[in-house]
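All values reported here derive from a predicted model rather than from experimental measurement.
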Amino acid sequence: MPDTIEAFRDAIANLIGMECWNVKAGAIGSMASLHIGAKVPLDKPLPYPNTQLTPDEHKFRGEFVLYIEDCPWRLDGEDAVIASWLDHNDPKGPIVMGLGSLMGCKIIVAEVTVPGMDLTMSFDNGATLRIFPDQVDPKEGDNYSLSIKSGDTFVVTAKSHVYRD
């Protein structure tokens, strides 16, 4: 497992300098996905017409995709909290609008701390996304994951265990 954690930390470090070009949030609770880095063509474009998706979302995914599943998170601004996992997720609510403000922003800090695998990502607009894994029961779902263009996915599971899929 130490090799997996080190590879995960390296993958997180690779986010520095990359742009978040797409955010999907608000569909189910506090779950969200951030598409970061180059636009990678999908093997098969998503079917049309899905009016919830942009043309790019039908054809591409991020070089990196951060998926926040079942764990607390908070988006901080320079002077105030912008949104958290407990906020409303309606289309004009804090979750959608707050995380949406990260689109077009570059990541300037990306680090994960052990043993809890807390993730901190700061953006060039002054916002900082903090993810706090708290799942302890494997039956309850995963905390968050990072998928990489190479096909690897790092998943932070119950008790902050990390595995590579």
Side-chain angles (χ1 to χ4, degrees), residues 12 15-16 18-42 44-113 116-149 153-158 160 165:
I12 293 293
L15 298 174
I16 296 171
M18 296 203 173
E19 180 179 319
C20 176
W21 60 269
N22 187 24
V23 174
K24 295 307 291 177
I28 301 173
S30 62
M31 294 180 186
S33 61
L34 284 71
H35 292 256
I36 301 164
K39 293 179 182 177
V40 177
L42 295 172
K44 181 178 176 184
L46 299 176
Y48 288 91
N50 183 338
T51 58
Q52 301 296 322
L53 301 177
T54 67
D56 275 354
E57 291 170 335
H58 279 97
K59 299 176 190 170
F60 302 100
R61 68 181 294 278
E63 180 178 2
F64 295 88
V65 179
L66 175 67
Y67 176 60
I68 307 168
E69 187 175 347
D70 287 323
C71 70
W73 59 266
R74 188 179 71 238
L75 181 63
D76 295 333
E78 293 178 291
D79 300 317
V81 173
I82 297 170
S84 85
W85 68 297
L86 294 173
D87 278 321
H88 295 286
N89 69 345
D90 55 283
K92 297 289 183 190
I95 288 177
V96 174
M97 299 302 288
L99 291 175
S101 72
L102 302 177
M103 287 194 295
C105 296
K106 288 190 177 178
I107 298 169
I108 57 174
V109 172
E111 56 192 15
V112 64
T113 58
M117 306 314 287
D118 293 2
L119 175 62
T120 301
M121 294 185 349
S122 297
F123 295 81
D124 63 2
N125 68 346
T128 299
L129 178 62
R130 302 175 199 282
I131 300 174
F132 314 100
D134 71 340
Q135 292 294 338
V136 293
D137 184 348
K139 298 175 192 165
E140 293 295 318
D142 298 323
N143 288 288
Y144 69 95
S145 62
L146 181 70
S147 297
I148 302 172
K149 175 178 136 179
T153 298
F154 294 93
V155 183
V156 180
T157 65
S160 295
D165 191 16

Quick one: closest heavy-atom pair of [X] and [Y], and the distance?
X    : Y    : answer
V65  : S33  : CG1-CB, 4.2 Å
C71  : N143 : CB-OD1, 3.3 Å
S145 : T153 : CB-CG2, 4.0 Å
I68  : Y144 : CA-CB, 4.1 Å

List the residues meeting salt bridge (Lys or Arg N to Asp or Glu O under 4.0 Å) with E57, not counting sequence neighbours, and say none if there are none.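 For E57, the residues satisfying salt bridge (Lys or Arg N to Asp or Glu O under 4.0 Å) (neighbours in sequence not counted) are K24.
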
Determine whether [X] and [Y] make a side-chain contact, defined as any pair of heavy atoms from C-beta on separated by less than 4.5 Å.
X    : Y    : value
M121 : L102 : no
L15  : L66  : no
L99  : W73  : yes
Y67  : S147 : no

Output the distance between atom [atom1] ([X]) and atom [atom2] ([Y]), rounded to the nearest 0.5 Å.
X    : Y    : atom1 : atom2 : result
S30  : E69  : OG    : CD    : 10.0 Å
T120 : E111 : OG1   : CD    : 5.5 Å
T157 : E140 : OG1   : CD    : 13.5 Å

Result block: side-chain N/O donor-acceptor pairs under 3.5 angstrom for residues 34-42, not counting sequence neighbours:
unit_1 : atom_1 : unit_2 : atom_2 : d
H35    : ND1    : G62    : N      : 2.9
K39    : NZ     : D56    : OD2    : 2.5

When you measure from the side chain of D124 to the backbone N and O of K106, does any donor-acceptor pair fall under 3.5 Å? yes

Which donor-acceptor pairs under 3.5 Å do the side chains of residues 125-135 make with protein atoms, sequence neighbours left out?
unit_1 : atom_1 : unit_2 : atom_2 : d
N125   : OD1    : A127   : N      : 3.0
N125   : ND2    : S101   : O      : 3.3
T128   : OG1    : S122   : OG     : 3.0
R130   : NE     : D76    : OD2    : 2.7
Q135   : NE2    : D70    : O      : 2.7

